[in-house]
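First the structure, in the form of structure tokens, and then the observations on it.
Computation of the quantities below employed the complete heavy-atom set of this structure, encompassing side-chain atoms and omitting hydrogens, waters and symmetry-equivalent molecules. Keep in mind it's a predicted model, so treat the numbers as computed, not measured.
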Amino acid sequence: MTMTTLPAGIANPYWDAVRDRVDWAGSLWGTPSVGGIGMYRHSDGRLDGDRWMREALKRSDMVKQYAWTITDPETVAFVAEHSRGRLVDPLAGTGYWVHILGQAGVDAIAYDLNPPSEDHERNHWHRHTAGHVAIGEADAKDAVSWHPSRTLLLSWPPYDDPLGVETVRAYQGGRVIFIGEDWGGCCGDDTLFEVFEREWVKVAEHTPVQWDGMHDIVHVYDRKEG
């Protein structure tokens, strides 16, 4: 699959909710921005305590309803392009990535140990939130073991938790698309990134539109031969 732009008519309410507040000409992590979100910045780049709290709650609402990383069209197209057409998301949350990638033509399936529902709080991050697609109930390690022929989408594995690296180790396929913060960030643990450096080779990367204060990246890894 080769895709540099998304097909017309894709429903992407997450992007619709934030697109008008994106600052394309501002600064991203202190350098000229190529896609930073300026939604939460004062003109001098600082936030007072009250405004920081209000804007942090807005991000929390979006994360709860959709996904941790903003699904801007270029990022969705990048993930779709590198998915090899078939993908498994074992930490799907609301399933929004699977929902949006499915519209882009990717054969994507979703699993979560605690699929969210409007009727319960089983999923800590998505309480009383409906899934955007059908989400299979499964441990992430089991889910990836069932689908070695699919690309693994590993999006925001929990911080300082071995689940991310355990999922990668259980996966027998050849490609991982990692979405989240890199070394020292707020997802995964050091062992996960050590495994990526030792056993995988990065073949592509992309910077999505950022929530203010976040450092999301998308890395595509292929398993090293031998």
Once you round to the nearest 0.5 Å, how far does [atom1] of [X] lie from [atom2] of [Y]?
X      : Y      : atom1 : atom2 : value
Asp160 : Thr191 : CG    : OG1   : 9.5 Å
Phe196 : Leu154 : CZ    : CG    : 5.5 Å
His215 : Cys186 : NE2   : SG    : 9.5 Å
Gln103 : Ile10  : CD    : CD1   : 5.5 Å
Met62  : Trp68  : CE    : CH2   : 14.5 Å
Thr167 : Leu163 : OG1   : CG    : 4.0 Å

Provide the closest heavy-atom pair for [X] versus [Y] in the form atom of the first, atom of the second, distance.
X      : Y      : answer
Asp189 : Pro162 : OD2-CA, 3.7 Å
His99  : Ala11  : NE2-O, 4.0 Å
Ala92  : Ala110 : CB-CB, 3.6 Å
Trp200 : Gly174 : CZ3-O, 3.5 Å
Tyr96  : Ala67  : CB-CB, 4.5 Å
Glu181 : Phe193 : O-CZ, 3.4 Å

Point to revise | Pair Met214-Arg59, side chain to side chain contact (heavy atoms under 4.5 Å, CB included): steps then yes or no | key: CA-CA 11 Å; Met214 298 292 104; Arg59 174 179 177 269; 3.4 Å; yes
Is there side-chain contact between [X] and [Y], with heavy atoms separated by less than 4.5 Å?
X      : Y      : value
Tyr111 : Asp89  : no
Ser83  : Leu101 : no
Val218 : His82  : no
Ile109 : Arg150 : yes
Leu91  : Trp156 : no
Thr207 : Asp216 : no
Phe178 : Cys187 : yes
Val88  : Leu153 : no

Transitively linked via ILVMFWY side-chain contacts under 4.5 Å: [X] with [Y]?
X      : Y      : answer
Val98  : Ile70  : no
Ile217 : Tyr159 : no
Trp146 : Leu113 : no

Review point. Do the two ring centres, one from Tyr171 and one from His147, sit under 6.0 Å apart?
Key: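 No, they do not, as the ring centres are separated by 6.0 Å or more.
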Point to revise | Basic-acidic side-chain contact under 4.0 Å: Glu199, Lys224 | key: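 Salt bridge absent between Glu199 and Lys224.
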Review point. Taking 4.0 angstrom as the limit, do Arg84 and Asp222 come out as a salt bridge?
Key: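 Result for this pair is yes, salt bridge flagged.
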Exercise for review: Show your reasoning for whether side-chain hydrogen bond (donor to acceptor under 3.5 Å, both in side chains) applies to Thr151 and Arg86.
Suggested key: CA-CA 6 Å; Thr151 294; Arg86 301 178 76 241; over 6 Å; no
Practice item. Apply side-chain hydrogen bond (donor to acceptor under 3.5 Å, both in side chains) to His206 and Thr75, showing your working. Key: CA-CA 7 Å; His206 171 78; Thr75 300; 2.9 Å; yes
Practice item. Determine, stepwise, if the pair Glu205 / Tyr221 fulfils side chain to side chain contact (heavy atoms under 4.5 Å, CB included). Key: CA-CA 9 Å; Glu205 63 181 306; Tyr221 294 100; over 6 Å; no
Check your understanding: Can any side-chain N or O of Arg223 pair as donor or acceptor with the backbone N or O of Arg175 at less than 3.5 Å?
Key ->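 Judged by distance alone, no pair lies under 3.5 Å.
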Point to revise | Any donor-acceptor N/O pair, Asn12 side chain to Thr71 backbone, under 3.5 Å | key: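 Judged by distance alone, yes, a pair lies under 3.5 Å.
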Practice item. Sort out for me which residue in Val168, Asp139, Leu152, Val176 forms a side-chain contact (heavy atoms from CB on, under 4.5 Å) with Val144. Key: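 It is Leu152; the other options fail the test.
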Point to revise | Positive for ring-ring contact (aromatic ring centres under 6.0 Å, His included) with Tyr66, one of Trp15, Tyr14, Trp211, Trp97 | key: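 Among the candidates, only Tyr14 passes.
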Check your understanding: Given the rule in the side chain to side chain contact (heavy atoms under 4.5 Å, CB included) test, do Leu87 and Asp107 qualify, once you have shown the distances and angles that lead to the verdict?
Key -> CA-CA 6 Å; Leu87 179 147; Asp107 177 2; over 6 Å; no
Exercise for review: Could you check Leu192 against Asp190 for side chain to side chain contact (heavy atoms under 4.5 Å, CB included), going step by step and ending with a plain yes or no?
Suggested key: CA-CA 5 Å; Leu192 171 63; Asp190 287 349; over 6 Å; no
